[in-house]
Colleague: 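Below you will find the structure I want to go over with you.
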Amino acid sequence: MAKILLIDDDPDVRTVLRATLQRQGYEVETASGRDEAFAKLQQAKPALIMMDVLLSGADGRELCREIKAAERTKNIPVIMFSGHPGAALKFETYGANDFISKPFNTEDLLAKLSRQMGTVK
């Protein structure tokens, strides 16, 4: 079972996304911000990271850059998400592998997950 690390400061988004991904057979770890995310990354290496662009007390784009700069985590695919118009522009410049807009279309989300992890679900 592939493990996904989900980083979002909104507990409702974490709950809904976790349930959606678990129904699809993924193991999901969650983090509410930068420090918790790095603590989780020290414990285990997920197959993929999903994170919000805007996090309380941290910029998800900067967090993505940090993850991609670290030797241990640089090859983990990162999918960024946001409900902010324009956030999808140039997501590659901060190292993200893909982007999805909120509110989520479940089929699009699952297709992007499969594509990034090289699996078909």
Side-chain angles (χ1 to χ4, degrees):
M1 176 171 11
K3 182 183 284 191
I4 296 173
L5 175 59
L6 171 63
I7 309 165
D8 195 311
D9 57 348
D10 184 329
D12 293 334
V13 171
R14 287 194 312 267
T15 299
V16 170
L17 266 178
R18 171 183 248 170
T20 299
L21 296 172
Q22 286 176 330
R23 277 193 303 274
Q24 296 300 316
Y26 294 105
E27 181 181 343
V28 182
E29 286 285 331
T30 63
S32 60
R34 182 196 178 282
D35 293 342
E36 188 178 3
F38 274 103
K40 299 272 175 134
L41 286 169
Q42 292 302 315
Q43 295 169 7
K45 190 173 173 182
L48 182 134
I49 298 169
M50 289 185 63
M51 84 172 87
D52 197 358
V53 170
L54 301 174
L55 299 168
S56 296
D59 184 328
R61 294 165 292 207
E62 286 302 316
L63 177 55
C64 185
R65 283 187 186 107
E66 288 182 67
I67 289 168
K68 291 299 190 169
E71 188 63 34
R72 184 173 187 280
T73 56
K74 70 181 182 181
N75 294 319
I76 300 172
V78 175
I79 297 177
M80 302 290 294
F81 56 85
S82 179
H84 187 274
L89 300 175
K90 300 187 180 190
F91 65 85
E92 312 88 7
T93 62
Y94 41 90
N97 299 84
D98 211 335
F99 183 89
I100 191 160
S101 296
K102 288 196 273 187
F104 301 108
N105 173 300
T106 304
E107 288 180 19
D108 288 344
L109 172 63
L110 296 175
K112 287 179 187 254
L113 288 173
S114 292
R115 191 168 39 251
Q116 289 303 322
M117 290 195 283
T119 60
V120 178
K121 278 224 169 247

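These numbers come from a predicted model, not from an experiment. The residues of the chain are indexed from 1 along the displayed sequence.
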Colleague: Taking it one step at a time, do Tyr26 and Met117 satisfy side chain to side chain contact (heavy atoms under 4.5 Å, CB included)?
Modeller: CA-CA 12 Å; Tyr26 294 105; Met117 290 195 283; 3.0 Å; yes
Colleague: Tell me, please, which residues at least two apart from Asp59 pass salt bridge (Lys or Arg N to Asp or Glu O under 4.0 Å).
Modeller: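 Checked Asp59 against salt bridge (Lys or Arg N to Asp or Glu O under 4.0 Å); matches are Arg61.
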Colleague: Can you name the salt bridge (Lys or Arg N to Asp or Glu O under 4.0 Å) partners of Asp9, sequence neighbours left out?
Modeller: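 Counting only residues at least two positions away or on another chain, Asp9 forms no salt bridge (Lys or Arg N to Asp or Glu O under 4.0 Å).
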Colleague: Go through the structure and list residues passing side-chain contact (heavy atoms from CB on, under 4.5 Å) with Thr106, not counting sequence neighbours.
Modeller: Thr20, Leu110
Colleague: With Glu107, which residues qualify under salt bridge (Lys or Arg N to Asp or Glu O under 4.0 Å), at least two apart?
Modeller: none
Colleague: Which residues satisfy the side-chain hydrogen bond (donor to acceptor under 3.5 Å, both in side chains) test with Arg34, sequence neighbours excluded?
Modeller: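 Here the qualifying residues are Glu66.
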Colleague: If you take all heavy atoms of Leu55 and Asp8, which pair is closest and at what distance?
Modeller: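 So the two residues come closest at CD2-CA, 3.8 Å.
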Colleague: For residues 37-53, please give each side-chain donor-acceptor pair under 3.5 Å, one per line with the distance, not counting sequence neighbours.
Modeller:
from: Lys40; atom 1: NZ; to: Glu29; atom 2: OE1; distance (Å): 3.1
from: Lys40; atom 1: NZ; to: Thr30; atom 2: O; distance (Å): 3.0
from: Lys45; atom 1: NZ; to: Arg72; atom 2: O; distance (Å): 3.3
from: Asp52; atom 1: OD2; to: Lys102; atom 2: NZ; distance (Å): 3.4

Colleague: Distance check, rounded to the nearest 0.5 Å: Leu113 atom CG versus Asp108 atom CG?
Modeller: 11.0 Å
Colleague: Using 0.5 Å steps for rounding, measure from the CG atom of Asp98 to the CD atom of Gln116.
Modeller: 5.0 Å
Colleague: Would you please name every residue forming a side-chain contact (heavy atoms from CB on, under 4.5 Å) with Asp35, sequence neighbours left out?
Modeller: none
Colleague: If the condition is side-chain contact (heavy atoms from CB on, under 4.5 Å), which residues does Lys68 pass it with, not counting sequence neighbours?
Modeller: Cys64, Val78, Asn97
Colleague: Tell me the closest heavy-atom pair linking Met80 and Ala96, and the distance in Å.
Modeller: CG-CB, 3.3 Å
Colleague: Where is the tightest heavy-atom contact between Leu21 and Val28, given as atom of each residue plus distance?
Modeller: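 What the structure gives for the nearest pair is CB-CG2, 3.6 Å.
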Colleague: Of all residues at least two apart in sequence or in a different chain, which pass the salt bridge (Lys or Arg N to Asp or Glu O under 4.0 Å) check with Glu36?
Modeller: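 Glu36: no salt bridge (Lys or Arg N to Asp or Glu O under 4.0 Å) contacts found.
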